[in-house]
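Nothing here was measured: the structure is a model prediction, and the numbers come from that model. Positions are given from 1 along the sequence.
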Amino acid sequence: MKFKYNLIAFLFIGLFGTISHFLFEWTGNNKIVGYFFPVNESTWEHLKILFFPTVLFSLIEYHFVKKEIRNYVPSVVISLIFGMVSIITLFYTYKGFLGFMVDFINILIFFIAVIIMLIVKNKLIESEKFKGDTPALIFLSIGFIFALLFVFFTYNPPSIAVFSPPNK
């Protein structure tokens, strides 16, 4: 995809993701808002700042590219998974190395994950792998499962470190 589209995607996801970090608090801890935006400082909840802005952007972008890109949905879902894994990996690696968190690094990790996600999406689109209705349906289902997991685990988190706010 063209640089212009990637820049628009980066700016939209980056800006909306940054703002979404605060939306739950800004809405007076509205429970419905919490399903889509972080309700605490856990790593799992922070994956929402990548996931839902990307989904929103992708729904808009799909309207413009659906006729020319036959592997759009699988490319978006796979790249989202890469982005979320990047956040988890980079966060726990640097925190384990330093032994504490640095807000600037946390923010930087988010933007690095957006870049990784966009690179993966572009490479998959260019490769033309996963074309057709069946892969689109499979990956759409995977994306939908992730969305359901975000909603369910918001107020029912398991007792696993990624679901608990990290120690500073």
Nearest heavy-atom neighbours spanning G83 and L50: C-CD2, 3.4 Å
Side chain to side chain contact (heavy atoms under 4.5 Å, CB included) against K129, all qualifying residues, sequence neighbours excluded: S127
Check: H46 and E41 side chains under 4.5 Å, non-hydrogen atoms: yes
Pairwise distance CD(E25) to CG(N40) - rounded to 0.5 angstrom: 12.5 Å
Side-chain (E45) to main-chain (V39) donor-acceptor, under 3.5 angstrom: yes
Min side-chain heavy-atom separation F37-I49 under 4.5 Å: no
Contact summary for Y72 and I69, nearest pair of heavy atoms: N-CG2, 3.7 Å
For I87 against A113, the heavy-atom pair lying closest together: CG1-CB, 3.4 Å
Min side-chain heavy-atom separation K95-P166 under 4.5 Å: yes
Nearest-0.5 Å distance, OG1 of residue T89 to CZ of residue F82: 10.5 Å
Test item: side-chain donor near acceptor, E61 and Y5, under 3.5 Å: no
Over 12 foreign heavy atoms within 6.0 Å of OH, Y94: yes
Atom pair CG (L108) and CG (D103), whose distance is rounded to the nearest 0.5 Å: 12.5 Å
Note, N30 side chain near F24 side chain (heavy atom, < 4.5 Å): no
K121 and T54: CA distance, side-chain angles, deciding distance, side chain to side chain contact (heavy atoms under 4.5 Å, CB included) verdict: CA-CA 11 Å; K121 180 178 119 181; T54 300; over 6 Å; no
Value rounded to 0.5 Å, distance of CD1 in I78 from CE in M117: 13.5 Å
Within-4.5 Å side-chain heavy-atom neighbours: W44 and S164: no
Atom pair CZ (F52) and CG (L80), whose distance is rounded to the nearest 0.5 Å: 10.0 Å
Heavy-atom side-chain proximity of H21 to F110 below 4.5 angstrom: no
In residues 13-20, what donor-acceptor pairs under 3.5 Å come from side-chain atoms, sequence neighbours left out?
{"unit_1": "T18", "atom_1": "OG1", "unit_2": "G14", "atom_2": "O", "d": "2.6"}
{"unit_1": "S20", "atom_1": "OG", "unit_2": "F16", "atom_2": "O", "d": "3.3"}
{"unit_1": "S20", "atom_1": "OG", "unit_2": "G17", "atom_2": "O", "d": "2.8"}

N71 side-chain N/O to P74 backbone N/O, donor-acceptor pair under 3.5 Å: no
Gap between atom CD1 of I107 and atom CD1 of I112 - 0.5 Å precision: 12.0 Å
Intermediate values then yes/no, side chain to side chain contact (heavy atoms under 4.5 Å, CB included), I119 and N6: CA-CA 9 Å; I119 290 169; N6 288 312; over 6 Å; no
Within 6.0 angstrom of I32 CD1, more than 12 heavy atoms from elsewhere: no
Whether S79 side chain and V76 backbone form a donor-acceptor pair below 3.5 Å: yes
Close side-chain approach of M84 to F51, heavy-atom, < 4.5 Å: yes
Let me check something: any side-chain donor-acceptor pairs from residues 138-163 under 3.5 Å, sequence neighbours excluded? List them with distances.
{"unit_1": "S141", "atom_1": "OG", "unit_2": "L137", "atom_2": "O", "d": "2.9"}
{"unit_1": "T154", "atom_1": "OG1", "unit_2": "K48", "atom_2": "NZ", "d": "2.6"}
{"unit_1": "T154", "atom_1": "OG1", "unit_2": "F150", "atom_2": "O", "d": "2.5"}
{"unit_1": "Y155", "atom_1": "OH", "unit_2": "K31", "atom_2": "O", "d": "3.0"}
{"unit_1": "N156", "atom_1": "ND2", "unit_2": "F152", "atom_2": "O", "d": "3.0"}

